[in-house]
Colleague: 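So that we are looking at the same thing, I have put the structure below in structure tokens.
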Amino acid sequence: MIVLGISTYGQNPAAALIVDGKLIAFAEEERFIRIKGANGKFPSKSISYCLGEAKITLEEVDKFAIGWDANKYTFKMPLIAATLWINHSIGKSSVNDTAIHELALWRPGNVKTKMYYELKNLGLKSRLPSLEFVPHHLAHAASAYYASGFPDATILVLDGSGEERATTVYEGKGKTIHELWHQNVPDSLGWFYAATTAYLGFKPYEDDGFVMGLAPYGKPTDEYTEKVNSIVKLDNEGKYFINPQYTLLGPHSVNEHFSDLYVKLFDSPRIPGQPMTLRHKNVAFAIQAKLEQIMLTIAQRSIIKTGIANICLAGGVALNCKANGVISQSPLVDQIFVQPASHDAGTALGAAMVVAMDNDDDPRFPMTHARWGPSFSNDSIQTVLNEASISYSKPKNIEETIAKAITKGKIVARFAGRMEAGPRALGGRSILADATRVGMNDIVNNRVKHRDPWRPFCPSMIKEASTGYIVKPKEDRFMTVIYDVPKKKQKSIPSVVHVDGTTRPQVVEKSVDPAYYTVIKKVGEHIGIPAVLNTSFNIKGEPIVCTPTDALRCFYSTGIDALAIEGFWLEKK
């Protein structure tokens, strides 16, 4: 059975291919078309890549799976939209327009027609193959649970919205995923957090991590705690209730993501580019603290209900690594797995998994890495370098060359193997630097990334050394969970420890990624600590690089000192 999973027409379009229960390829459209997020696009390039990786044609695909249940848009979703319209005044036309557009876009017949013409443009010669709609939250749940390696799990899916759902809790046992309870929109944690992202002058559903990074610079205050509590209520069973008049619904005259009531509660919003004041930082702290409280309560009450201490998370809200860290440290949690592509791109994988499982294939596997995208041979890379008339060398030991440059204080970009899925670069498309140097984070930021100065950088470290630098790690492979760093170790890796003494690590095992492991190990041999600062190979506002040409463009337009691109070494004089 060949199943092609698709995330399309919304946030983070992507494609994933499963053949006879085995994941063959998984990649996001933004990497190919070079538009951050690629929101609203059809994943044509991702589909072409997946088919090429498997050396098959569209005609050979048995089933297409979409991680969105268009069947609900015949009756159920229009009724829900009408109910929201009646119960809440919606004062900004763009909100109305977005809702109307979505209701029309996702009508089943419309989706099938659009799909047919999109696939015809990709070379489909026959009729549209079997197309199956998978509920959005179920696709998220499958992407996490079926890739966790756990025999059973309590599964949390939290995002802005998936059809009518905002949060869903499932129980996973063996091959089955069973729903326990859910909350519908407008009680959406994604909407709640996105409102603050927009209020602080950032881009919702893209820059939400900025709020998470800013929060530790704020302070807990009774004033802002009370303000947030006036928006969100939480009961002892883990059910939360959000007043939507402060988020997408209600009167809007400033921004579609937060209402005029939100402005009245927290005062005037920050305009992008304005200085970040203590008030802004305190708002971020209060919102982040409330999210952590809600997610921890949901997790604990769900574990008590299922009796299963393994927990899986997915959905856009599950990219909040600080909240994931709070859940991880709960005494009720034995193991935690957060899908590295927790955003909507992950539903391409999850939808394919659900359809494969429904057709008697078993797509489960322990996801130990996220490298499911394109790779490039040395011959193809050499062709690109020669065409660009670029000088390069081919060191006998590229890992040793990278390590020596890092220990000399150089910023090194590494392009190796298959591209990672998800928003984190994990060594294959990464910018590396010395984590032990004071101020190296600022150097990388000023010369390459140009991010807000309060956003932290993260470390990659080898497995054998990680326990000394991370307090009680339970999941540390994908930079999806934040942990405390022991106080006595914080000064050892100053460029990757946040202001609150935490870090978001990637722990590298030799059996999983031997080449990257060797780089880090050799860095340790030179400076005593086998860890590096690792940030994604891109600049602000652009997707992570995909091709050798992307890598060269980023390298020569920034202050990166050297580029290791497979076996080739480029260094600026």
Colleague: For the residue pair H257 and F192, is the inter-centroid distance of their aromatic rings smaller than 6.0 Å?
Modeller: no

Colleague: Indicate every side-chain donor-acceptor pair of residues 537-544 with a distance under 3.5 Å to a residue at least two apart or in another chain.
Modeller:
| from | atom 1 | to | atom 2 | distance (Å) |
| --- | --- | --- | --- | --- |
| N538 | OD1 | K449 | NZ | 2.7 |
| N538 | OD1 | S536 | OG | 2.7 |
| N538 | ND2 | E542 | O | 2.6 |

Colleague: Is the shortest heavy-atom distance from the side chain of L131 to the side chain of M115 under 4.5 Å?
Modeller: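 L131 reaches M115 side chain to side chain.
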
Colleague: Is it the case that H140 and S143 place a side-chain donor and acceptor less than 3.5 Å from each other?
Modeller: no

Colleague: Assess the side chains of E102 and Y73: does a donor N or O sit below 3.5 Å from an acceptor N or O?
Modeller: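 Yes, side-chain donor-acceptor contact under 3.5 Å.
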
Colleague: Does one side chain, of S46 or E29, offer a donor that lies under 3.5 Å from an acceptor on the other?
Modeller: yes

Colleague: Within the supplied structure, the quantity of interest is the number of heavy atoms (other residues, nucleotides, ligands) at a distance under 6.0 Å from D235 CG; does it exceed 12?
Modeller: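 Counting neighbours around CG of D235, more than 12 heavy atoms of other residues, nucleotides or ligands fall under 6.0 Å, so yes.
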
Colleague: If the condition is salt bridge (Lys or Arg N to Asp or Glu O under 4.0 Å), which residues does R301 pass it with, not counting sequence neighbours?
Modeller: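 Once residues adjacent in sequence are excluded, the partners of R301 under the salt bridge (Lys or Arg N to Asp or Glu O under 4.0 Å) criterion are E237.
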
Colleague: Any donor and acceptor pair, going by atom type alone, linking the side chain of D550 with main-chain N or O of T547 inside 3.5 Å?
Modeller: yes

Colleague: Judged by modelled atom types alone, do D208 and T197 share a side-chain donor-acceptor pair under 3.5 Å?
Modeller: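 Per modelled atom types, D208 and T197 side chains form a pair under 3.5 Å.
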
Colleague: Determine whether a donor-acceptor pair (N or O, by modelled atom type, separation under 3.5 Å) exists between the side chain of N110 and the backbone of W106.
Modeller: no

Colleague: Give a yes-or-no answer on whether the side chains of S430 and N534 include a donor-acceptor pair shorter than 3.5 Å.
Modeller: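 There is such a pair (donor and acceptor under 3.5 Å, judged by atom type) between the side chains of S430 and N534.
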
Colleague: Taking the side chain as every heavy atom from C-beta outward, state whether F285 and T221 have any atom pair closer than 4.5 Å.
Modeller: no

Colleague: Do side-chain atoms of S188 reach the backbone of V185 as a donor and acceptor pair under 3.5 angstrom?
Modeller: no

Colleague: Answer yes or no on whether K114 is positioned over the face of F42, meaning its NZ or CZ is under 6.0 Å from the six-membered ring centre and within 45° of the axis.
Modeller: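 Here K114 fails the 6.0 Å and 45° test against F42.
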
Colleague: Any ion pair linking R429 and E420 (charged N to carboxylate O, less than 4.0 Å)?
Modeller: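 No, E420 and R429 are not salt-bridged.
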
Colleague: A side-chain contact here means heavy atoms from C-beta on lying under 4.5 Å apart; do E132 and I66 qualify?
Modeller: no

Colleague: Is there a donor-acceptor contact under 3.5 Å linking the side chains of Q288 and Y193?
Modeller: yes

Colleague: Go through the steps for E292 and K322 under the test salt bridge (charged side-chain N to carboxylate O under 4.0 Å, His left out), then give the verdict.
Modeller: CA-CA 8 Å; E292 292 171 15; K322 181 64 164 57; 3.4 Å; yes

Colleague: Is it true that K45 and E30 make a salt bridge, defined as a side-chain N closer than 4.0 Å to a carboxylate O?
Modeller: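 No, no charged N to carboxylate O under 4.0 Å.
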
Colleague: Please find out if less than 6.0 Å separates the ring center of Y199 from that of Y262.
Modeller: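 They qualify: ring centres under 6.0 Å apart.
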
Colleague: Which pairs, with at least one residue in residues 258-281 and sequence neighbours excluded, count as a salt bridge (Lys or Arg N to Asp or Glu O under 4.0 Å)?
Modeller: none

